[in-house]
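Contents: one structure, followed by commentary.
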There are 2 protein chains.
Amino acid sequence: MLHDPAQLDLMFQALADPARRQMVDRLSRGPASVSQLAEPLAMSLSAVVQHLNLLEASGLVRTQKVGRVRTCQIEPKALRAAEHWINERRLSWERRLDRLGDFLAETKDET
Amino acid sequence: MLHDPAQLDLMFQALADPARRQMVDRLSRGPASVSQLAEPLAMSLSAVVQHLNLLEASGLVRTQKVGRVRTCQIEPKALRAAEHWINERRLSWERRLDRLGDFLAETKDET
DNA sequence: GGAAAACTGAAGCAGTTACTTAACTATTGA
DNA sequence: TCAATAGTTAAGTAACTGCTTCAGTTTTCC
């Protein structure tokens with residue numbers, strides 16, 4: 001479910017915007033309401049809600065409304081999925097370099 | 001240099017597109033020419049070059065031209081920077097949860 | 001009950017993005 | 001030399017994004 005390419009797409013797309021990354025950054029320090037998320041951002045509350053909806057659709061953030069306040073928090077599992085995608089590609093590349101290094105070392109021995 | 005917010009912005013933006021992620025994925029298995037990168041993608045070579053230029057500007061991919069062939073390879077340091085940004089936020093959240101857990105366990109002892 | 005607080009949703013708009021096609025510029029190899 | 005290969009660049013366009021404003025809806029609290 002979390003490695004579903006469509007979900008991954010939404011996550012990376014969500015992380016591509018600086019305002020949304022700032023919101024994730026804020027939430028990494030603890031839950032916050034929509035207004036609290038909006039406070040440091042130079043845009044209307046409405047714009048923040050639109051960003052938040054994207055973050056929620058991507059799975060990166062979970063929200064729940066109690067009374068008139070929507071409280072938001074990070075979903076670490078989703079962050080881990082994005083992290084994992086990058087990590088796998090990087091490791092794949094680095095393992096390839098290692099094998100190449102071994103090969104070169106071996107062929108050098110054979111002189 | 002790699003933790004420069006502008007560079008991070010370019011990286012996440014580059015990773016937001018499925019075609020570009022597919023290119024990164026291909027490159028994680030080894031270097032490739034522009035045509036080789038284009039081969040599995042349902043778009044013109046010109047479009048691929050445009051994607052590649054973005055990937056290069058973001059620092060995720062390095063290319064060098066020999067003769068008429070441009071060979072592309074992954075820049076693991078850049079991947080690591082993106083990975084690191086996500087990882088820091090996730091850990092920050094998870095450490096917060098741990099502290100909260102400890103606190104709740106302690107106050108429970110005091111009954 | 002009624003004002004204030006905390007959102008929410010729709011419409012509109014300017015700027016950006018992801019393509020396309022078409023016209024190029026090297027390189028290579030027969 | 002000259003055709004094919006590999007890539008590049010520019011111009012145009014359709015769709016998508018990131019806002020804005022404005023007009024709601026719920027809750028809360030006096």
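To find a chain, count down the sequence lines: A is the first, B the second, and so on, and within it residues start at 1.
Between A:Gly67 and A:Ala47, it is A:Ala47 whose nearest contact on DNA chain D lies nearer the 5' terminus.
The only option from B:Arg29, B:Arg21, B:Gln22 that meets the side-chain hydrogen bond (donor to acceptor under 3.5 Å, both in side chains) definition with B:Asp25 turns out to be B:Arg29.
At whole-Å resolution of the value, CD in B:Glu56 and P in D:dT9 are 11 Å apart. Rounded to an integer number of Å, the gap from CD of B:Glu39 to C1' of D:dT5 is 16 Å. The distance between atom CD of A:Gln13 and atom C1' of C:dA18, rounded to the nearest whole Å, is 12 Å. C:dT17 atom P lies 11 Å from atom CG of A:Asp17, rounded to whole Å. Rounded to an integer number of Å, the gap from A:Met43 CE to D:dT17 P is 16 Å.
Residues A:Ile74 and B:Arg90 are not in side-chain contact: their nearest non-hydrogen atoms beyond the backbone lie 4.5 Å or more apart. Residues A:Leu55 and A:Leu27 are not in side-chain contact: their nearest non-hydrogen atoms beyond the backbone lie 4.5 Å or more apart. A heavy-atom distance below 4.5 Å is not found between the side chains of A:Val66 and A:Thr71. Residues B:Glu94 and A:Arg80 form a side-chain contact, since some pair of their non-hydrogen atoms from C-beta on lies under 4.5 Å apart.
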Contact string for nucleotides 6-11 of chain C, one letter per nucleotide 5' to 3', B = base within protein heavy-atom range under 4.0 Å, S = sugar-phosphate only, - = neither, reads SBSBB-

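The side-chain tip of A:Arg96 points at the ring of A:Trp93 from less than 6.0 angstrom away and within 45° of straight on.
Side-chain N/O atoms of B:His51 include one lying less than 4.0 angstrom from OP1 or OP2 on C:dC19.
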